[in-house]
Visitor: 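What follows is a structure written as structure tokens; I'll ask about it next.
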2 protein chains.
Amino acid sequence: MLVAIDCIIFGFDGNRLKLLLIKRGFEPQRGRWSLMGGFVTPDENLNQAAARILKQLTGLTDIYLEQLSAFGERFRDPSERTISVAYFSLIDINQYKEQINHEYSAEWFPLKQLPPVIFDHKEMIEMAKEKLRYKAAFHPVLFELLPEKFTIPQLQTLYEDVYNKILDKGNFSRKILSTALLIKQKDKEKNGSKKGAFYYKLDKRKYQMKFNSFLNFIPSQKIEKST
Amino acid sequence: MLVAIDCIIFGFDGNRLKLLLIKRGFEPQRGRWSLMGGFVTPDENLNQAAARILKQLTGLTDIYLEQLSAFGERFRDPSERTISVAYFSLIDINQYKEQINHEYSAEWFPLKQLPPVIFDHKEMIEMAKEKLRYKAAFHPVLFELLPEKFTIPQLQTLYEDVYNKILDKGNFSRKILSTALLIKQKDKEKNGSKKGAFYYKLDKRKYQMKFNSFLNFIPSQKIEKST
DNA sequence: TCAAAAGTGTTGTCCTTACACCCATGT
DNA sequence: ACATGGGTGTAAGGACAACACTTTTGA
């Protein structure tokens with residue numbers, strides 16, 4: 001049996017959550033969209049394989065990477081029996097831009113406008129979306145998608161896109177600040193508004209410490225965002 | 001590469017949460033304790049393989065079974081490169097008693113008094129415990145461990161053991177009943193006390209419907225249970 | 001001066017905790 | 001009758017959604 005890895009790669013462009021797909025350059029299914037993947041080699045464990053594959057495409061290391069699930073339907077890959085271990089990863093889309101490997105003709109797609117993908121990759125993507133929502137409800141994991149400096153309204157846009165909800169800015173900002181994970185900067189971002197919004201940085205130490213405690217980021221607000 | 005399955009099997013004896021381990025009857029590591037496992041065959045997918053292996057040992061079908069994670073350290077099995085997909089399952093310990101397959105010399109161990117186990121099984125067990133706590137905090141999954149008829153104090157004992165917390169009986173009973181997942185029976189269980197506690201059954205329909213919504217079973221009570 | 005977005009204040013509602021108390025019954 | 005656990009009542013405190021309001025600044 002072959003053992004493969006597939007990576008579901010999330011990014012956030014400041015407006016919408018996106019997924020990085022590659023156009024397959026080889027048979028079978030050449031020319032169709034697919035997750036970035038590869039086979040596990042004898043000299044690496046699963047996490048190492050996932051990190052290697054992610055680096056091949058994005059050039060990035062030290063990325064948030066978490067195992068999602070193993071997929072093993074008998075004919076998921078019609079040509080050969082393959083078990084795939086899917087990983088999901090969150091990257092800062094701006095860092096990616098500088099490092100991208102152009103061999104793969106990769107492209108970012110908004111989560112709500114994905115093209116058809118090969119094999120069971122659709123299922124993997126759905127599961128990853130679900131897991132991201134789940135995880136982000138209790139752990140400050142969405143910060144992994146943002147650049148080093150960001151504003152609270154930017155963060156709010158991210159949450160709104162992940163949960164498809166419109167959030168109250170007042171309540172949102174208080175909830176985030178109450179976690180004490182953010183360090184206020186002196187400067188403001190002035191593109192989004194006339195007043196400008198203060199930049200914040202993540203307090204890395206507290207972030208690590210509190211990552212696994214149960215914080216409450218569940219957006220309980222009722223209003224659905226229109227797509 | 002070989003692809004195996006390992007099953008972390010939880011049961012509840014009315015008092016403590018337990019794990020079902022088998023004594024390995026073959027080399028390597030004959031005679032040592034281990035999770036129940038087996039290899040994935042070409043004609044089955046991963047879930048089917050897990051269900052088959054679970055049935056081999058317990059005789060049970062239609063069991064709560066969920067994929068935990070794939071484990072793939074290079075030398076996790078020293079004799080051959082093997083990827084193992086771990087599943088965790090929750091069974092009614094009483095049903096098990098009637099069906100057990102004695103070929104495997106299996107034994108229930110309290111979670112807090114596990115013997116040494118082979119390979120990376122300890123790691124799998126720890127992850128399964130963690131996941132059970134996580135899942136049970138939001139989803140009514142612990143009902144899977146109980147017989148068809150059970151009392152609220154029995155359920156409370158289970159939660160107390162899972163979270164190592166002493167819970168307030170009044171608040172616990174109200175919280176559980178507020179989910180409206182239980183149907184009160186006419187008869188009482190009279191062993192636990194003189195007054196006796198009413199039996200309840202799970203409302204299967206509502207249970208299925210509400211399983212994936214976020215209920216709140218987190219025990220926020222502060223008092224740690226002494227072990 | 002006005003519009004637009006950032007951010008603060010305020011209030012009512014709901015949920016939860018802690019704990020007092022009542023209930024049913026076997027010995 | 002009384003001890004034992006089952007179960008209900010209740011008051012204080014906290015969290016949160018909703019929304020009114022103030023602030024800042026570019027045009």
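Note that these values count all heavy atoms, side chains included, but never hydrogens, waters or copies made by symmetry. Below, read A as the first sequence line, B as the second, and so on, with proteins coming before strands; counting in each chain starts at 1.
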Visitor: Out of C:dT25, D:dA18, D:dT25, which has the shortest distance to the side chain of A:N171?
Guide: D:dA18

Visitor: For a quick test of your reading: what N or O donor-acceptor pairs under 3.5 Å do the side chains of residues 187-202 of chain B make, sequence neighbours left out?
Guide:
unit_1	atom_1	unit_2	atom_2	d
B:D187	OD2	B:K149	NZ	2.6
B:K188	NZ	B:K195	O	3.3
B:E189	OE1	B:G192	N	3.4
B:E189	OE2	B:N191	N	3.3
B:S193	OG	B:G196	N	3.0

Visitor: Just compare C:dA5, D:dG5, C:dG7 and give me whichever is closest to any side-chain atom of A:S193.
Guide: C:dA5

Visitor: Between D:dG7 atom P and B:K190 atom NZ, what is the distance in whole Å?
Guide: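 So the two atoms are 11 Å apart, to the nearest Å.
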
Visitor: Please report, to 0.1 Å, the donor-acceptor pairs under 3.5 Å made by any side chain of residues 46-61 of chain B, with sequence neighbours excluded.
Guide:
unit_1	atom_1	unit_2	atom_2	d
B:N47	OD1	B:Y87	OH	2.7
B:Q48	OE1	B:N45	N	2.9
B:R52	NE	B:E44	OE1	2.9
B:R52	NE	B:E44	OE2	3.3
B:R52	NH2	B:F39	O	2.9
B:R52	NH2	B:E44	OE2	2.7
B:Q56	OE1	B:Y104	OH	3.0
B:T58	OG1	B:L54	O	2.7
B:T58	OG1	B:L60	N	3.1

Visitor: Between P on C:dA20 and NZ on B:K169, what's the gap in Å once rounded to a whole number?
Guide: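 Those two atoms, NZ and P, are 12 Å apart.
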
Visitor: Using the ring centroid of each side chain, check whether B:F217 and B:F138 are separated by less than 6.0 Å.
Guide: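 Centroid distance B:F217-B:F138: not below 6.0 Å, so no.
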
Visitor: Give the rounded distance in Å between these two atoms: CD of A:E189 and P of C:dA4.
Guide: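 Roughly 18 Å, once rounded to whole Å.
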
Visitor: Closest to the B:R174 side chain: C:dG7, C:dA18, D:dC19?
Guide: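 Shortest atom-to-atom distance from the side chain points to C:dA18.
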
Visitor: From CG of B:D168 over to P of D:dT10, roughly how many Å is that when rounded to an integer?
Guide: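 The distance from CG of B:D168 to P of D:dT10 comes to 16 Å, rounded to the nearest Å.
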
Visitor: Starting at atom CZ of A:F198, determine the distance to atom C1' of D:dT23, rounded to an integer number of angstrom.
Guide: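 Interatomic distance, CZ of A:F198 to C1' of D:dT23: 11 Å.
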
Visitor: When the distance from CG of B:L167 to C1' of D:dG5 is rounded to whole Å, what number comes out?
Guide: 16 Å

Visitor: Strictly below 4.0 Å: does B:K175 bring a side-chain N or O up to OP1 or OP2 of C:dT16?
Guide: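 Negative; the distance criterion is not met.
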
Visitor: Heavy-atom nearest nucleotide on DNA chain C for A:G192 versus B:G196: which residue maps closer to 5'?
Guide: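 Of the two residues, A:G192 wins.
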
Visitor: How many angstroms lie between atom CG of B:L90 and atom CG of B:L145, to the nearest 0.5 angstrom?
Guide: 4.5 Å

Visitor: Rounded to whole Å, please give me the gap between NZ in B:K188 and P in D:dT4.
Guide: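 My rounded result for the distance is 18 Å.
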
Visitor: Any idea how B:H139 and B:F211 line up, ring-wise: parallel (<30°), tilted (30 to 60°), or perpendicular (>60°)?
Guide: parallel

Visitor: Please tell me which of the listed nucleotides, D:dG6, C:dC19, C:dA24, lies nearest to the side chain of B:P153?
Guide: D:dG6

Visitor: At less than 4.0 Å, is any side-chain N or O atom of B:K194 found next to OP1 or OP2 of D:dG6? Yes or no.
Guide: no

Visitor: May I have the distance from B:Q154 (atom CD) to D:dG5 (atom P), rounded to whole angstrom?
Guide: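 Checked: the CD to P distance equals 15 Å.
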
Visitor: Using OP1 and OP2 only, check whether a side-chain N or O of B:N216 sits under 4.0 Å from C:dT16.
Guide: yes

Visitor: Can you find an N or O donor on one side and an acceptor on the other, under 3.5 Å apart, linking the side chain of A:K195 with the base of D:dT23?
Guide: yes

